[in-house]
There are 2 protein chains.
Amino acid sequence: MATLADVARRAGVSPATASRIINGSPKPVTEALRARVLAAVEELQYVPNAHAQQLARNHRSAVGVIVHDVSDPYFSEITRGLQRVATEHGRLVIICNTYRDPEKELEYVELLRANQAAAIILAGSGYHDEEFTRTLDAKLRVYQATGGHVAVIGRHEHSGHAVIPANEAGGQLIGAELFRLGHTRIGVVAGPRHLTTTSDRLNGLRRAARQHGRKLSARQIVYADFDRSGGASATATLLDTQPDVTAIVALNDSMAIGALAVLRERGIDVPGRISVTGFDDMPIARDVTPALTTVRLPLADMGARAMTLALQPPEPLNTPHIEHVDAELIRRESTAPPPPDPR
Amino acid sequence: MATLADVARRAGVSPATASRIINGSPKPVTEALRARVLAAVEELQYVPNAHAQQLARNHRSAVGVIVHDVSDPYFSEITRGLQRVATEHGRLVIICNTYRDPEKELEYVELLRANQAAAIILAGSGYHDEEFTRTLDAKLRVYQATGGHVAVIGRHEHSGHAVIPANEAGGQLIGAELFRLGHTRIGVVAGPRHLTTTSDRLNGLRRAARQHGRKLSARQIVYADFDRSGGASATATLLDTQPDVTAIVALNDSMAIGALAVLRERGIDVPGRISVTGFDDMPIARDVTPALTTVRLPLADMGARAMTLALQPPEPLNTPHIEHVDAELIRRESTAPPPPDPR
DNA sequence: CGTACGCGGGAAAGCGCTTACCGGATTCCC
DNA sequence: GGGAATCCGGTAAGCGCTTTCCCGCGTACG
C-alpha cells in the first residue's frame, strides 16, 4: 500500500508539501511541484489512509445509524432520507442493524463512539425496559459530553434531538375511522409488547375507543413480531379466539399484509366481512389487494430531518430539539362498514 | 474524550500495561493491576479510538458493500445475508449506495480502500460501458494487489470472486412457461438497457422464444427504470403500442408490481386477459393480487455466499472463484393460458 | 552465596498523516 | 544597496494506540 511518504519521495518533495497539494490546503504551492506530486499520486494509485487522516486531523467525519433492520421497508425508507442528507454533507454513513436486540444497541453505540462518529442516529422503537433505557441514555450522554451529536427517531426517552411521529394520534385516527364506519368488534394485531411504538399506537386506539364510549379489552389484542409472519400468526390466533370481529387493526403495514394473507387463505372477504388496517403507509400498501387503509408517516422525510438535526443542530446548541411529525389517514379499499349482524 | 494514557495514569500503570489488559493480550498481567485498570476504564467510560487502533495494528477490520440502493428490497435481502456472515466474523460493514451512478461506484471503491476495508463486495448489475468497466476493474485490481479481497454479485466482468445468479436461465424458464401456456404475443417490461441484468434476462427470454420457433422483436420490449414506477410507465406504453399482448414479462418483481397496478387501473383482468410475470421472488411477490408467478433467486443466500468468499477465500488463493446460483420458477396466480383469440 | 533464568512491567519506536513553526531565497521599497 | 517583508518548502511534533525490546526483581539452582 503506497503511503504519502512514497508519493513525496517519488515526486522529490517533502511529505508536508505532498500532503498540502493532495488536500488542497490553503498554503500556496508552485505549479511545477503540484504537477509532479499529482503525477506521482496517479502512478502509485495513492489513496490516503483514512484512519491516519482522522487521527491526525482529529475531527469526526462519519455518522452512525442504528436501526432494527435495514431490510425492513420501514427502516429502509428512513435510511434513504438519512443517506440523502448525509451525502449532501459529505459524510460517510455507517449502518448498524440490531435485529431488535437491545444488547446490540448498546454495543453499537460504543462502536460508533470508538469510530469517532460525528453523530449517532437511533431509529426505531424504544423498549419498555427501565434499566436498559437508563443504560443506553448514560452511554449517549457520555458520547454527547465528548462532542457527539445524537438524534433519535420515534422514541422520546433520550437526551438527544428527536423526531417523533404521531404514533398515538395515528392510532386514534384509525380507531375513529373504524368506529365511524360502525365497527364495534375490533381485533388488534400488535407488535411486541415491550416496544414503545406498539404501546403508543395502542394508546391512540384506546383513546378513540373511549371517545366512542367503548374500551379495548386485553382479549382483543394479540402481540407478535412486527413483521409479516407475526401479523399472520396473530391474525390466526385472533380469528380462533374472537371469531366475530369485523375489523382487524394491524399496528404496521407488514403485519397487515400478513393478516391479509391469512384472511385470503381462509376465504374471508376483505373488507366485506372483515376490514383491515395497517400503519406506516409503506410503498407496497397500495399494491396489495385490497389496497390497505393505513396511516401515513413520511418516513424518508423523518430520516432526513433527524440527520439534519444531528448534523447542524439549530440554536440554542445543547438543547434537545423535538420535531413532531404528523400522521395522516389514508383511506383505501381494505375498510368498509361491517356486515349486517348475523345474530 | 478519555485516552488510553488517561486510563493508565489513573490506574497508576503504563499505557503498555493498560493496553494489554484492555485487549486481553497474551502477555500475563497481575490480577491487581488488571482490576485497577478495568476500574479506571469504567470510571472514565473509556472506549479505545478505533482509528488509532487500526493504524497501530495495521490490519483491516471493516468490509465494504457497494449496492445500488439498500431500500430496494432486492438489495436489502442481499444485504441481510451479507451482514449475517460479516457479523459472525466480527466485521463492521460499511454500506454504500450508488443510486445507480457508475461514477459513485468508482468513488466508493476509493473510499473503501482509504478506509482499509478488508473486502469490497459489489452487488447489483454491471453496466454495459466498456470504459467504465475497465476503469472499475483497474481500481479493483489495485485494491487486490494491496491485499484486499473483492467479491461481486450478479456480474461477471471483474477479477474478484463472484456469485452469479442464473439470470439467463431464469429468463428462459419464464419464456418457456409462457410459451407452454400458449402465449404468442408477449410484451417485455425491461430494466435499463445498459444494465447487464437486463440483457441477461432478455437473452434467456430470446432463447426460449427461439426454441419455440419464435423471436422477440424490438417493438415488444420497453425499457424503463428497474422499479415500480418504471414498471408502471413501461406497461402503459406497451398497452398503448401493443394492445393485443396476452402476457407481460417484467424483468423484476418491482416492475411487475407496477405493471399490475396499471392493469388494475385499466380494469384488465390478470391473468384472465393478460398474464404477468416477475423476477427475483421478493417477499411481497406472494402478497400482491394475483400472487406473482416469478423466478426465485435466493438473494440473502447469495449475499452470504459472497461475504464468505470475500472473508475466507477458498484455496487456491488469488484464483477468482465463481459460484453459480440456480433460478427456480415459482408458479402462482398471475399466469394462465391466454384468452381465446378474439379475431 | 553467586549466577542463571523467568516473569511482570515500562520505555520507546512506530503506524500514516497533518500542521505549527522555521528558515532560505526572492522581492520590494526607501 | 541593504534591511524588511514575502514566499515556499521542509522539519518535526504530535494524533492515540500497539508491540518490541529491555530491565529489574524474585526464585531456583549449582
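Throughout, protein chains are lettered first and strands after them, A, B, ... in sequence-line order, and every chain is numbered starting at 1. Quick caveat, the model's predicted, so the values are computed rather than measured.
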* **Rounded interatomic separation in angstrom, taking CG from B:Asn23 and P from D:dG16** => 17 Å
* Indicate whether OP1 or OP2 belonging to C:dT18 is found under 4.0 Å from a side-chain N or O atom of A:Ser19. => yes
* Rounded to whole angstroms, how far apart are CD on B:Gln116 and P on C:dC15? -> 14 Å
* Nucleotide of D:dC8, C:dG16, C:dT19 approaching A:Leu55 most closely (side-chain heavy atoms) -> C:dG16
* Asked: Given B:Arg113 and B:Glu110, is the side chain to side chain contact (heavy atoms under 4.5 Å, CB included) satisfied, shown in steps?
  -> CA-CA 5 Å; B:Arg113 189 148 78 88; B:Glu110 302 267 90; 3.9 Å; yes
* Structure fact -> The nucleotide from C:dT18, D:dC8, D:dG10 with an atom nearest the side chain of A:Pro28 is D:dC8
* **Integer-rounded Å distance: C:dA20 C1' and A:Asn58 CG** => 15 Å
* Asked: Taking CD1 from A:Ile22 and C1' from C:dG16, how many angstroms apart are they, rounded to a whole number?
  -> 12 Å
* **Distance-only donor-acceptor test (3.5 Å): side chain B:Lys27, base C:dG8** => no
* Asked: Under the 3.5 angstrom rule, does the side chain of B:Thr146 hit a backbone N or O of A:Met1 as a donor-acceptor pair?
  -> no
* According to a strict under-4.0 Å criterion, is B:Thr17 in side-chain N/O contact with OP1 or OP2 of C:dG10? -> yes
* **Closest to the B:Ser14 side chain, choosing from C:dA11, D:dC17, C:dT18** => C:dA11
* Within this structure, what is the CD1-to-P distance between B:Ile21 and C:dG8, rounded to whole angstrom? -> 12 Å
* Asked: Just how far, in rounded Å, is C1' of D:dG16 from NE2 of A:His59?
  -> 17 Å
* So which nucleotide from C:dG16, D:dG9, D:dC17 ends up closest to the side chain of A:Leu33? -> D:dG9
* To do: Find which nucleotide of DNA chain C each of B:Gly12 and A:Ala2 is nearest to by heavy atoms, and output the residue with the more 5' nucleotide.
  => B:Gly12
* To do: Give the intermediate values and the outcome of salt bridge (Lys or Arg N to Asp or Glu O under 4.0 Å) for residues A:Glu77 and A:Arg80.
  => CA-CA 5 Å; A:Glu77 274 301 301; A:Arg80 165 205 284 295; 3.7 Å; yes
* Beyond-backbone contact of B:Asp129 with B:His194, side-chain heavy atoms, under 4.5 angstrom -> no
* Determine, stepwise, if the pair B:Arg9 / B:Asp6 fulfils salt bridge (Lys or Arg N to Asp or Glu O under 4.0 Å). => CA-CA 5 Å; B:Arg9 205 170 311 123; B:Asp6 297 333; 3.4 Å; yes
* Of all the nucleotides listed (D:dG10, C:dC15, C:dC17), which has the minimum atom distance to the side chain of B:Ala56? -> C:dC15
* To the nearest Å, how far apart are B:Gln53 CD and D:dC15 P? -> 17 Å
* **Whole-Å gap separating C1' (D:dG9) and CZ (A:Arg20)** => 7 Å
